[in-house]
Amino acid sequence: MSQIRDIELAPSGAHKIEWVRRNCPLLRSLYEDFSNTKPFEGKKIALSIHLEAKTAYLCKVLAAGGAEMFITGSNPLSTQDDVAAALVADGLNVYAWHGATDEEYNAHISEVLSHQANIIIDDGGDLVHMLHTTKKDQLQYVIGGCEETTTGIIRLKAMDKNNQLEFPMVLVNNADCKHLFDNRYGTGQSVWDGINRTTNLIVAGKIAVVAGYGWCGKGVAMRAKALGARVIVTEIDPVKAIEAVMDGFEVMPMKEAARYGDFFITVTGCAGVIDEEDFMEMKEGAILCNAGHFDVEIDMKRLREIAVSKEEMRNNIIGYKLPNGTNIYVLAEGRLVNLAAGDGHPAEIMDMSFAIQALSAKYLVEHESELKEKIIDVPREVDMEVARRKLKFLGKEIDELTTYQTEYLNSSSL
Ligand code: NAD
Ligand code: SAH
């Protein structure tokens with residue numbers, strides 16, 4: 001009953017998943033634990049996350065814990081058809097293919113939500129949105145869910161504020177072991193991996209404009225500098241702007257930065273960050289990409305309207321000739337460059353993010369009767385458990401407080 005491109009691709013996908021398995025010790029340890037304890041026995045999980053090999057291994061860990069899995073991607077361009085095929089060959093239910101149209105993408109989400117799922121694992125809010133609109137009949141089966149990314153959490157908080165959220169959601173992104181590593185080091189490395197493999201151009205000596213200096217922006221700017229770029233940061237938050245200045249970057253509005261950049265990377269979660277006025281200021285050959293959310297950070301709609309002509313230069317590079325004669329190039333249609341034009345974050349990073357996901361899902365089923373709040377932080381003990389296991393796998397030891405030190409830190413006297 002799955003809906004995928006081609007089951008014959010399964011052997012290639014299985015190799016990719018095995019590579020991930022070998023590089024994800026945390027998830028491997030959870031696979032073992034869950035195989036013995038079966039925390040999800042009798043439960044159904046609906047999952048929408050970028051469908052590539054690391055997500056596939058998360059799905060296998062959850063299935064090892066007894067869950068019946070219903071899986072789709074979270075971006076039509078990040079789904080890898082061989083990985084989807086490998087999951088189906090393993091008996092999991094998958095509804096996704098690379099390059100799905102908007103209608104197909106929504107139909108796949110709808111399909112995932114047609115099986116009375118108890119746990120929702122979401123990445124940007126697509127599943128939660130549909131459950132609260134066209135799939136309300138499925139709400140009765142839901143215990144709760146987990147949200148993977150910053151933008152999804154912004155949406156959830158808005159829904160909660162308006163009393164619209166019908167079930168509890170764990171804010172996975174806000175765990176220390178998620179955003180401190182995934183958003184910063186994961187996005188930092190995988191964005192430049194996506195840009196480099198797609199363009200095959202030099203970064204050293206060029207100017208990279210990074211829009212947004214949150215967790216992702218910090219990582220992207222840090223790695224741009226390490227590759228030899230001069231970095232300009234654009235921000236709307238004065239505190240983040242000071243941080244960028246003190247980290248050694250130029251800070252200015254996009255309207256000004258537009259004329260300097262060789263590479264533009266948006267990581268804000270906001271819309272219209274690079275607009276028509278900015279396009280018209282850009283220099284010949286400027287390269288634009290997004291690693292924030294969906295395809296709205298660069299105003300692609302307007303760019304397509306004003307372009308005199310467009311040309312596919314290489315896979316994932318479209319050149320747009322502007323009315324003033326300048327050619328600018330957009331990677332991966334303005335969708336997440338690290339996933340649509342790469343394999344996303346490295347395995348060791350997703351090992352931590354997905355360990356938080358798996359343990360948060362387990363927390364939901366174990367605390368089903370006590371879940372009062374609609375917005376739940378990842379319990380501190382889950383964060384600490386993931387950190388402790390990761391440190392052990394990194395072969396690092398740390399100090400422990402002595403009794404004297406504990407008393408000293410808890411003492412109210414000077
Ligand atoms: P964040 O909240 O830490 O940072 C976002 C920053 O952008 C903030 O500092 C904010 O002030 C700034 N900003 C907002 N609007 C702006 C604008 N118009 N111009 C300039 N700056 C602006 O969030 P984050 O964790 O860094 O995530 C950013 C986005 O990336 C989110 O959409 C998130 O879902 C997504 N994300 C993508 C990946 C990936 O793999 N590509 C990984 C993690 C998060
Ligand atoms: N629907 C949204 C999803 C936001 S993606 C969109 O595509 O615009 C942002 C999330 O992708 C991050 O929080 C990060 O944890 C996740 N991610 C990054 N690399 C990944 C990978 N290799 N596999 C699965 N998820 C990944």
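Indexing begins at 1, ligand by ligand and atom by atom, following the structure's order.
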(request) Report yes or no: does Glu235 have a heavy atom closer than 4.0 Å to ligand 1? (result) yes
(request) Determine whether Leu9 and Ser12 make a side-chain contact, defined as any pair of heavy atoms from C-beta on separated by less than 4.5 Å. (result) no
(message) Against ligand 2, does Asp123 come closer than 4.0 Å with any heavy atom?
(response) yes
(request) Below 4.0 angstrom from a heavy atom of Cys270, which ligand 1 atoms are there? Numbered from 1 as shown, please. (result) 15 (N), 18 (N)
(request) Could you tell me which atoms of ligand 2, counted from 1 in the order shown, lie closer than 4.0 angstrom to a heavy atom of Ile49? (result) 24 (C), 25 (N)
(request) Could you tell me which atoms of ligand 1, counted from 1 in the order shown, lie closer than 4.0 angstrom to a heavy atom of Asn183? (result) 25 (O), 43 (C), 44 (C)
(request) Answer with yes or no whether His345 contacts ligand 1, where contact means a heavy atom under 4.0 Å from a ligand atom. (result) yes
(request) Step through it carefully: locate the ring centre of Phe40, locate the ring centre of Phe34, and say whether they are under 6.0 Å apart. (result) yes
(request) Find all atoms of ligand 1 within a distance of less than 4.0 Å from any non-hydrogen atom belonging to Gly269, and give their numbers and elements. (result) 29 (C), 31 (C), 32 (O)
(message) Quick check on the 6.0 Å ring-centre criterion: do Trp192 and Phe263 meet it?
(response) yes
(request) Would you mind telling me if ligand 1 is within reach of the side chain of Ile236, the backbone, both or neither, using heavy atoms under 4.0 Å? (result) both
(message) Counting only nitrogen or oxygen atoms and a 3.5 angstrom limit, does Ala291 reach ligand 1?
(response) yes
(message) Counting only heavy atoms, tell me which of Gln357, Met352, Met350 gets closest to atom 20 (C) of ligand 2.
(response) Met350
(request) Among all protein heavy atoms, pick the one closest to atom 31 (C) of ligand 1 and tell me residue, atom and distance. (result) Thr151 OG1, 3.3 Å
(message) If the cut-off is 4.0 Å to any non-hydrogen atom of Asp237, which atoms of ligand 1 fall inside it?
(response) 11 (O)
(request) May I ask you to check whether Thr150 has an N/O atom sitting below 3.5 Å from an N/O atom of ligand 1? (result) yes
